[in-house]
Amino acid sequence: MFKLASVVALAVLLNSHRVLAAVPVWGQCGGQGWGGETTCVSGATCNVVNNWYSQCIPGTVTSNPPPEPSTPGPTSPDPTSDPSTPGPSPTQPNAACTPLPANAAIPTVSSLPDPFQFIVGGRRAATKADWECRRAEILELAQRQELGTFPPKPSSLTASFSGNTLTINASQSGKSTSFSVTISNVPSGTGPHPAIIAYGAASIPIPAGVAVIVFNNNQVAAQDGQGSRGVGRFYDLYGSSHSAGALTAWAWGVDRIIDAIELTPGTKLDPKRIGVTGCSRNGKGALIAGALVNRIALTIPQESGSGGAACWRLSDAQKASGTNVQTASQIIGENVWFSPVFNQIASSNVNRLGFDHHSIAALVAPRAMLVIENTSMEWLGNMSSYHCPRVARSVWRALGVPDNMGVSQVGHSDHCGFPSAQNPELTAFIQKFLLNQSSTNTNVEKTTGSYNFDQNRWVPWTTPTLT
Ligand SMILES: *[C@@H]1O[C@H](CO)[C@@H](O)[C@H](O)[C@H]1NC(C)=O
Ligand SMILES: *[C@@H]1O[C@H](CO)[C@@H](O)[C@H](O)[C@H]1NC(C)=O
Ligand SMILES: *[C@@H]1O[C@H](CO)[C@@H](O)[C@H](O)[C@H]1NC(C)=O
Ligand SMILES: *[C@@H]1O[C@H](CO)[C@@H](O)[C@H](O)[C@H]1NC(C)=O
């Protein structure tokens with residue numbers, strides 16, 4: 001069995017070096033400037049992701065793959081039974097939503113795009129059901145223009161738990177991959193207990209009562225500069241030319257960790273009360289995981305800056321006024337966090353993005369998120385890192401749950417250090433959304449900075465009340 005898989009893998013490897021070999025599943029098969037093969041292997045279809053990237057996807061469909069179709073486990077409690085933990089938003093593609101056509105014209109917008117305004121049909125979201133469709137549209141746009149394709153659950157997934165190590169094995173189309181996470185601080189008692197998935201290692205204090213799952217995200221997708229594109233356990237399964245950037249590949253890993261927890265009662269963890277955190281580059285990862293994986297109950301990006309909590313347009317404005325802030329055009333050369341689909345827009349004009357990171361953050365709504373930022377670090381873009389998530393909060397407000405999202409920015413001198421001034425909000429969010437203590441105060445919108453933010457210039461739209 002293993003031998004056969006090796007032979008198949010070798011054959012694929014050899015084929016990829018022959019100029020006229022058919023493109024494997026998930027490989028690039030077209031796009032402006034593409035000079036390679038455009039025919040997919042048998043059983044796959046060349047799908048236009050955007051003008052700069054087409055990709056072979058399994059099957060014979062001609063539209064983009066739908067968003068993550070995972071379903072909650074059959075034994076999950078009714079999410080409506082606990083008002084403090086709004087269940088995940090519906091995960092099935094809503095049949096009532098109009099999918100974004102492959103050739104949809106994306107308007108160029110120099111303000112922060114209206115998160116409620118549909119591209120398809122030109123109307124604004126007015127109801128919560130509308131928001132589900134608009135959310136699906138943003139999810140699709142974000143994959144096409146920035147993140148690359150977020151693959152659904154692989155056809156086969158197994159998990160084993162031994163000592164404090166949970167090992168996940170995923171396979172599909174004759175390929176397989178495997179990675180492990182370690183689980184510590186599991187409370188006593190039968191549980192199930194909440195847990196926080198920490199990218200690399202947690203750099204926030206995690207209280208007793210909440211287990212810690214250490215996720216070696218670098219192993220799932222490397223982040224070692226341009227040479228590490230397509231390297232890691234994710235790409236062993238989907239191929240090194242898969243369109244997903246590292247942030248998307250890590251989110252896929254988080255999604256699989258939750259699958260494994262669902263399959264493994266022996267972990268004593270509750271898949272309905274999972275948080276995710278990371279700092280700096282891994283903070284960008286935590287934010288994208290919260291956006292893409294709609295089973296995460298609490299998302300805590302820390303000092304994520306540009307590519308995370310900050311907005312590309314606001315960071316560009318800070319750069320233009322003389323701040324040494326990370327921008328889209330810089331980030332695509334620094335590392336492989338984003339998909340190659342992002343390169344063209346990032347290097348020319350971010351106003352062509354049909355969204356900005358306030359909309360990406362809003363994909364988390366109505367689930368809980370606490371954005372932790374640092375006023376003092378120039379590279380993070382202090383104005384952008386505060387006002388972008390603050391604008392995102394309008395979506396939680398529109399959904400009637402503003403206190404499910406908080407923004408806290410405090411100046412301090414150690415990057416990824418955690419100042420005690422942010423302890424009250426961190427504790428309140430963990431207590432409410434992971435430990436079921438509904439009385440804590442999570443109404444948080446604070447910064448130690450003061451900025452001249454031109455609300456009319458950046459936010460020329462109003463926040464509706466979605467009914
Ligand atoms: C994962 O599962 C597949 C299919 O059952 C198997 O072929 C492969 O050897 C397994 N890989 C690992 C690392 O366990
Ligand atoms: C917080 O800002 C301080 C001041 O620049 C910086 O020294 C430290 O590295 C930052 N941690 C940050 C800022 O991310
Ligand atoms: C929190 O609520 C969940 C589901 O409603 C339940 O399974 C769990 O035991 C509760 N945990 C605590 C700490 O109250
Ligand atoms: C924001 O960062 C810039 C550049 O480091 C700094 O000059 C400014 O004082 C900061 N603003 C606030 C309000 O802290």
Side-chain angles (χ1 to χ4, degrees), residues 110-112 203-205 277-288 300-335 337-338 346-347 349-351 353 356-361 369-394 396-397 402 405-426 428-429 442-460:
S110 62
S111 54
L112 297 179
S203 40
I204 52 170
T277 192
C279 189
S280 200
R281 52 183 57 196
N282 290 339
K284 306 181 203 302
L287 182 101
I288 297 302
I300 311 175
Q302 182 186 12
E303 293 189 40
S304 59
S306 303
C311 282
W312 301 120
R313 287 166 176 82
L314 298 180
S315 296
D316 274 2
Q318 281 202 268
K319 174 87 177 174
S321 66
T323 304
N324 182 27
V325 55
Q326 183 164 43
T327 61
S329 64
Q330 185 279 337
I331 213 168
I332 54 169
E334 180 179 341
N335 221 314
W337 296 309
F338 298 94
S347 60
N349 182 5
V350 296
N351 294 345
L353 289 173
D356 210 318
H357 272 231
H358 64 305
S359 304
I360 300 255
M369 175 152 75
L370 174 64
V371 174
I372 298 170
E373 282 291 334
N374 179 356
T375 319
S376 328
M377 187 166 168
E378 188 170 14
W379 189 241
L380 297 173
N382 51 14
M383 179 277 278
S384 183
S385 294
Y386 178 67
H387 281 287
C388 184
R390 190 193 59 74
V391 172
R393 196 172 180 226
S394 60
W396 277 265
R397 194 173 291 118
M405 197 276 196
V407 188
S408 172
Q409 187 184 46
V410 168
H412 56 98
S413 63
D414 49 332
H415 185 45
C416 297
F418 185 78
S420 59
Q422 288 174 314
N423 250 329
E425 49 269 33
L426 178 65
F429 269 81
T442 54
N443 180 8
V444 179
E445 199 174 289
K446 79 177 200 190
T447 177
T448 54
S450 76
Y451 310 105
N452 295 317
F453 182 76
D454 186 345
Q455 182 81 12
N456 294 331
R457 185 240 179 283
W458 293 111
V459 189

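Order of appearance sets the numbers: ligands from 1, and atoms from 1 within every ligand.
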How far apart are the closest heavy atoms of R281 and N335, and which atoms are they?
NH1-ND2, 3.7 Å

When the ring planes of F453 and H387 are compared, do they come out parallel, tilted or perpendicular, using 30° and 60° as the limits?
parallel

Point-to-point distance, once rounded to the nearest 0.5 Å, from CG of L370 to CE of M405:
8.5 Å

Partners of S203 by side-chain hydrogen bond (donor to acceptor under 3.5 Å, both in side chains), sequence neighbours excluded?
Q302

The protein residues that pass the under-4.0 Å heavy-atom test against ligand 4 are T375, E378, N382, G449, S450, Y451

So, S306 and Q326: side-chain donor and acceptor under 3.5 Å apart, yes or no?
no

Does W312 have its ring centroid less than 6.0 Å away from the ring centroid of F338?
yes

